[in-house]
Every structure is written in structure tokens, then in C-alpha cells.
Undergrad: 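Here you go, one structure.
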Amino acid sequence: MVTLLLDQTQLEVVLSPLERAATFHRENLRVARDTITKVQLTEDAWTWLRGVPGPGTHIPGILAAGTWKAAATTDFVLIRRHRASVVIDLEGDEQFQRLIFTTRHGLALTQALRLDVSEEPVDVVEIAGTAPIPVVKGRQRPVIRPRPV
């Protein structure tokens, strides 16, 4: 699971060593905050893939990691199974036009991007936690108990 750090100027997607190996990226992704045009939450990121896989790892339905190239676009993808994900559209970025990755902190990211933050990179979960807008935690499934006979 990626860690998202945000400061006044950029969003940093921190990759674990395993994620770096799967995506074939040596460094964390850094995106200028002013290039972010749209952030969307999705339950199934597989529908957002476009083009063909470039350098990276692709196991259909299980893992898509690395660069995906279409006619005029290049996307960074890190999708695991069919879990909640974030789609970030970029305009004016040197490397990518879209970032798609699986994370549980999509709502916190959208809220943190609306707020003024410090100059030091801080995890988006902490930023959203201190925001005046409450972050809604995921609902728990109801417990179904058998009826007594």
C-alpha cells in the first residue's frame, strides 16, 4: 500500500521496496501539486486502464504495476486486485498524464488537497485528521447472527 505525502508544492507517492521492484521505478513519484487537475475515487481501478503495459508487472485481475502507454498518454499504475483506488489526472506533468493506484486513503487525499498544508511533507491521513472536515471511516459489515430455534 502506497504512502501519500503532501506539502505546499508537491504530492509524493512513497513506494515500498517491493512496489519499486514491481513497477520498475527506482525512486518515489513526485508530482507538482499545480499539475493535478482531477482526483476521483473508484471501487474498481481496472476499468481505468488504457493502452498497453510498458515496463512493470502485469498479472490480469491481480496486479498491474508500472507504466501503461496509450497513443498520446503515459500512465503510472499500481493496482492490486479489485480494491478501492484513486485516479489522479495530471496536466503539464513531464512524465505522466494519469496516476492510478490502490489505497485506502483516497478520501483523505481528496480532503488534504483542498487544504493549505505546511512546507514539510506530511502523510495525507494526518492532514485530513486535523482538518475541520471530518474523515469518514469505512463502514464495518454488520454481524449476522443465527436466530434461536
Side-chain angles (χ1 to χ4, degrees), residues 1-131 133-141:
M1 189 72 56
V2 296
T3 302
L4 304 171
L5 302 178
L6 184 69
D7 65 15
Q8 289 179 349
T9 59
Q10 71 181 2
L11 170 67
E12 183 175 358
V13 180
V14 180
L15 303 172
S16 71
L18 185 60
E19 291 166 340
R20 289 174 197 240
T23 60
F24 291 25
H25 278 264
R26 293 182 181 165
E27 298 180 1
N28 295 333
L29 284 160
R30 290 178 182 85
V31 176
R33 197 170 170 178
D34 58 351
T35 63
I36 298 173
T37 57
K38 188 178 358 177
V39 178
Q40 300 175 70
L41 305 177
T42 181
E43 289 297 320
D44 189 9
W46 294 93
T47 60
W48 289 89
L49 290 177
R50 57 187 179 185
V52 295
T57 307
H58 181 227
I59 305 169
I62 297 174
L63 177 69
T67 304
W68 283 66
K69 297 180 181 182
T73 61
T74 304
D75 300 342
F76 176 80
V77 175
L78 184 54
I79 303 171
R80 293 189 180 120
R81 302 213 179 254
H82 294 277
R83 297 185 179 153
S85 302
V86 174
V87 179
I88 302 174
D89 289 325
L90 306 172
E91 189 173 305
D93 188 66
E94 298 171 1
Q95 229 179 346
F96 301 110
Q97 283 74 41
R98 183 181 282 170
L99 307 177
I100 307 170
F101 49 87
T102 303
T103 181
R104 286 178 276 173
H105 307 299
L107 183 59
L109 173 64
T110 58
Q111 291 178 344
L113 285 169
R114 294 178 183 173
L115 301 172
D116 292 328
V117 294
S118 67
E119 294 180 16
E120 294 296 319
V122 181
D123 193 345
V124 295
V125 176
E126 292 178 27
I127 295 170
T130 60
I133 305 167
V135 176
V136 179
K137 300 279 184 181
R139 332 180 283 174
Q140 293 182 350
R141 293 184 174 180

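These figures come from a predicted structure and were not determined experimentally. One-based numbering along the sequence shown.
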Undergrad: Can you pull the side chain to side chain donor-acceptor pair (under 3.5 Å) pairs that have at least one residue in residues 55-71, sequence neighbours excluded?
TA: none
Undergrad: Who passes side chain to side chain donor-acceptor pair (under 3.5 Å) against T3, sequence neighbours left out?
TA: none
Undergrad: Taking atom CD1 of I59 and atom CD1 of I79, what is their separation to the nearest 0.5 Å?
TA: 13.0 Å
Undergrad: With a 4.5 Å heavy-atom cut-off, do E27 and H25 have their side chains touching?
TA: no
Undergrad: Is any side-chain heavy atom of T37 closer than 4.5 Å to a side-chain heavy atom of L90?
TA: no
Undergrad: Take V124 and L5 through the test side chain to side chain contact (heavy atoms under 4.5 Å, CB included) and record every step on the way to the result.
TA: CA-CA 6 Å; V124 295; L5 302 178; over 6 Å; no
Undergrad: So do the side chains of L109 and V86 get within less than 4.5 Å of each other, counting heavy atoms only?
TA: yes
Undergrad: Would you call V13 and L4 a side-chain contact if the rule is heavy atoms closer than 4.5 Å?
TA: yes
Undergrad: Would you mind listing every ring-ring contact (aromatic ring centres under 6.0 Å, His included) that reaches into residues 106-127, with sequence neighbours excluded?
TA: none
Undergrad: Please report the closest heavy-atom contact between L107 and T110, naming both atoms and the distance.
TA: O-OG1, 2.7 Å
Undergrad: Can you sort out the partners of A21 under side chain to side chain contact (heavy atoms under 4.5 Å, CB included), two or more places apart, ordered by chain and number?
TA: none
Undergrad: Side chains of V122 and D7: does their closest heavy-atom pair fall under 4.5 Å?
TA: no
Undergrad: For R81, does the CZ atom have more than 12 heavy-atom neighbours from other residues, nucleotides or ligands under 6.0 Å away?
TA: no
Undergrad: Tell me the salt bridge (Lys or Arg N to Asp or Glu O under 4.0 Å) pairs involving residues 46-59, sequence neighbours left out?
TA: R50-D75
Undergrad: Kindly compute the distance separating CG (L78) from CG (L63), expressed to the nearest 0.5 Å.
TA: 7.0 Å
Undergrad: Could you pull out all residues at least two apart from D44 that satisfy side chain to side chain donor-acceptor pair (under 3.5 Å)?
TA: H82
Undergrad: Which atom pairs, one a donor and one an acceptor, fall under 3.5 Å between side chains of residues 96-106 and the rest of the protein, sequence neighbours left out?
TA:
from, atom 1, to, atom 2, distance (Å)
Q97, OE1, T74, N, 2.5
R98, NE, D89, OD1, 2.9
R98, NH1, W48, O, 3.4
T102, OG1, R80, N, 2.9
T102, OG1, S85, OG, 3.4
T103, OG1, H105, N, 3.1

Undergrad: With side chains defined as the heavy atoms from C-beta onward, is the minimum distance between V2 and V14 less than 4.5 Å?
TA: no
Undergrad: What residues, two or more places apart in sequence or in another chain, satisfy salt bridge (Lys or Arg N to Asp or Glu O under 4.0 Å) together with R30?
TA: E12
Undergrad: Compare every heavy atom of L113 with every heavy atom of R33, then report the nearest pair and how far apart it is.
TA: NH2-O, 2.8 Å
